[in-house]
Amino acid sequence: MHPHRRRPPPTTLRTLTIDSAAAMVPESVVLIRRFLLFVAVCLSCLLLYNDSNALRFLPRFSSSPSVLFSAYNSALVSGEHRLQKVLKDAAMEDGTVILTTLNEAWAAPNSIIDLFLESFKIGVGTHRLLNHLVIIALDQKAFQRCLELHTHCFALITQGVDFRREAYFMTPHYLKMMWARIDFLRSVLEMGYNFVFTDADVMWFRDPFPQFYMDADFQIACDHFLGNSDDLENRPNGGFNYVKSNNRSIEFYKFWYSSRETYPGFHDQDVLNIIKFHPSTFTIGLRMKFLDTAYFGGFCEPSKDFNQVCTMHANCCYGLDSKLHDLRIMLQNWKQFMSLRPNLKKYLILPWGVPQNCSLDSLRRYDAPESSNPHDLQD
């Protein structure tokens, strides 16, 4: 019989076993383990990088500053709000979407966005169009408010540009905002979607699609309409346009955006007024039409007939307070018209009660200073 050997205490055994194993591991094995650990860390980092890449809003939005989603709230960065999905969910059968942009100032309660959405709800044949409206939020608060009010929201954050701030007409900040919009719309066309772009201070009183030209690639509302939809002397307003996605429109938007360098300090609308005569526009072959203010009016040139009006724009107006004041009157005018008996609607000619606080003269204040106050945005 073999004599019994005393077993060491359990704690001692564990200590000896671990120390001994460490001492006995060859150096090559240690190196392999370190390498595998390094690979595991790299794979983890790669997964995190891919997740963040999935949150890039516009991977094809290459001609502007990198457009990213700021990770200010994990709920906001959900992949459900990526642009392709939002556009697909909102698109009509022919691939048309309605787009508007929104920043913190216009997203505040009882501000522009509330009036904009109300107009769709009380207009003739417009309520259903909300199913095809995508609100492009330019900052966190605008996106959060959009989620409270609407189904189709997309957050577009441009690195290095704070679109919450007050954007006085024709200031550098305002120009950045307008040109970013042109480049964004180009990307929507490249994705294959037609769009109606509408500023949020455009009130929708009647379905505009029956008034659009079927043979046009690009059609746009006017500050001043001369009576002929083909007349290049018409004065267009970029706050409302209908564009079909095709090679001509995509090339035109690229040309339009690149022209900001040819005419530095110019607003996108001013540049449009120049390039609509340019040989390159004719070479592209863009079929351009201008929309009659009888149907697509505004404070610059109001529609004269409540039975015809489709949209009314708070253009020729400086200052958020002035816009809100006159837009509320405009909505009240429409409600009064809609409350009339059918025979009165047909024969009674009602005037708009606006503009009041808004006027063309107010736009001459181009030299107003920029402000850090986010509670104003001018058109």
Side-chain angles (χ1 to χ4, degrees), residues 76 78 80-138 141-156 181 184-185 188 191 193-212 219 221 239-245 291 295-298 303 306 308-314 323-324 327-328 330-335 337-339 377 379:
L76 301 184
S78 167
E80 292 183 359
H81 299 290
R82 294 177 63 187
L83 184 59
Q84 280 280 14
K85 183 180 189 310
V86 175
L87 294 176
K88 182 179 178 181
D89 290 346
M92 301 176 189
E93 289 184 2
D94 68 348
T96 299
V97 291
I98 302 169
L99 304 173
T100 194
T101 52
L102 184 67
N103 80 334
E104 179 181 330
W106 284 21
N110 301 313
S111 191
I112 298 291
I113 190 61
D114 298 275
L115 302 180
F116 178 68
L117 295 176
E118 183 183 356
S119 74
F120 278 84
K121 294 171 184 175
I122 64 176
V124 177
T126 52
H127 195 285
R128 65 179 179 81
L129 297 177
L130 286 173
N131 296 325
H132 308 293
L133 170 68
V134 177
I135 297 177
I136 310 299
L138 302 178
K141 289 189 177 179
F143 185 62
Q144 289 173 328
R145 185 84 205 289
C146 179
L147 293 177
E148 295 170 6
L149 297 173
H150 191 57
T151 304
H152 307 300
C153 303
F154 175 73
L156 174 65
R181 182 174 80 183
F184 173 78
L185 293 175
V188 173
M191 291 178 187
Y193 291 94
N194 314 315
F195 64 77
V196 177
F197 178 81
T198 171
D199 278 342
D201 61 347
V202 174
M203 301 295 103
W204 286 54
F205 294 131
R206 192 171 273 108
D207 181 355
F209 284 89
Q211 301 303 330
F212 290 144
Q219 44 200 302
F240 187 90
N241 51 69
Y242 175 37
V243 187
K244 293 180 182 177
S245 174
L291 298 170
Y295 303 102
F296 303 93
S303 171
F306 278 74
Q308 290 187 319
V309 64
C310 295
T311 62
M312 280 282 284
H313 188 186
K323 279 185 186 289
L324 287 171
L327 283 172
R328 289 178 181 129
M330 187 195 297
L331 283 175
Q332 188 58 37
N333 292 161
W334 178 256
K335 290 175 183 176
F337 169 76
M338 292 299 292
S339 69
L377 177 65
D379 192 19

Close side-chain approach of [X] and [Y], heavy atoms under 4.5 Å:
{"X": "Phe154", "Y": "Lys85", "result": "no"}
{"X": "Val243", "Y": "Phe197", "result": "no"}
{"X": "Leu115", "Y": "Glu118", "result": "yes"}
{"X": "Met92", "Y": "Leu129", "result": "yes"}
{"X": "Thr101", "Y": "Trp106", "result": "no"}

[atom1]/[X] to [atom2]/[Y] distance, rounded to the nearest 0.5 angstrom?
{"X": "Met203", "Y": "Leu117", "atom1": "CE", "atom2": "CG", "value": "9.0 Å"}
{"X": "Thr151", "Y": "Ile135", "atom1": "OG1", "atom2": "CD1", "value": "9.0 Å"}
{"X": "Lys141", "Y": "Gln144", "atom1": "NZ", "atom2": "CD", "value": "8.5 Å"}
{"X": "Phe116", "Y": "Asp199", "atom1": "CZ", "atom2": "CG", "value": "9.0 Å"}
{"X": "Leu102", "Y": "Leu156", "atom1": "CG", "atom2": "CG", "value": "12.0 Å"}
{"X": "Leu291", "Y": "Asn241", "atom1": "CG", "atom2": "CG", "value": "8.5 Å"}

Ring pair (Phe, Tyr, Trp, His ring centres under 6.0 Å) test vs Trp204 passes for just one of Trp334, Phe120, Phe209, namely Phe120
Who are the ring pair (Phe, Tyr, Trp, His ring centres under 6.0 Å) partners of Phe296, not counting sequence neighbours?
-> Phe212, Phe240
Residues two or more places apart in sequence or in another chain: which of them pass ring pair (Phe, Tyr, Trp, His ring centres under 6.0 Å) with Tyr295?
-> none
Under the side chain to side chain contact (heavy atoms under 4.5 Å, CB included) rule, collect the residues that match up with Ala137, sequence neighbours excluded.
-> Ala142, Phe143
With sequence neighbours excluded, residues passing side chain to side chain donor-acceptor pair (under 3.5 Å) with [X]:
{"X": "Asp207", "value": "Arg128"}
{"X": "Thr311", "value": "none"}
{"X": "Gln211", "value": "none"}
{"X": "Thr96", "value": "Asp94, Asn194"}

Donor-acceptor check, side chain of [X] to backbone of [Y], threshold 3.5 angstrom: yes or no?
{"X": "His150", "Y": "Leu133", "value": "yes"}
{"X": "Arg206", "Y": "Val309", "value": "yes"}
{"X": "Lys323", "Y": "Ala314", "value": "yes"}
{"X": "His313", "Y": "Asp201", "value": "no"}
{"X": "Thr100", "Y": "Thr198", "value": "yes"}

Quick one: closest heavy-atom pair of [X] and [Y], and the distance?
{"X": "Leu130", "Y": "His152", "value": "O-CD2, 4.4 Å"}
{"X": "Val134", "Y": "Ala90", "value": "CG2-CB, 3.5 Å"}
{"X": "Ser119", "Y": "Leu331", "value": "CB-CD2, 4.0 Å"}
{"X": "Cys310", "Y": "Pro208", "value": "SG-CA, 4.0 Å"}

Should Leu87 and Leu99 be marked as a side chain to side chain contact (heavy atoms under 4.5 Å, CB included) after you check the CA-CA gap, both sets of side-chain angles, and the distance that decides it?
-> CA-CA 9 Å; Leu87 294 176; Leu99 304 173; 4.1 Å; yes
For Lys88, check salt bridge (charged side-chain N to carboxylate O under 4.0 Å, His left out) against everything at least two apart and list the hits.
-> none
With sequence neighbours left out, the residues meeting salt bridge (charged side-chain N to carboxylate O under 4.0 Å, His left out) with Glu148 are Arg145
Begin from the C-alpha positions of Leu327 and Met330 and carry the test side chain to side chain contact (heavy atoms under 4.5 Å, CB included) through to its verdict.
-> CA-CA 5 Å; Leu327 283 172; Met330 187 195 297; 4.0 Å; yes
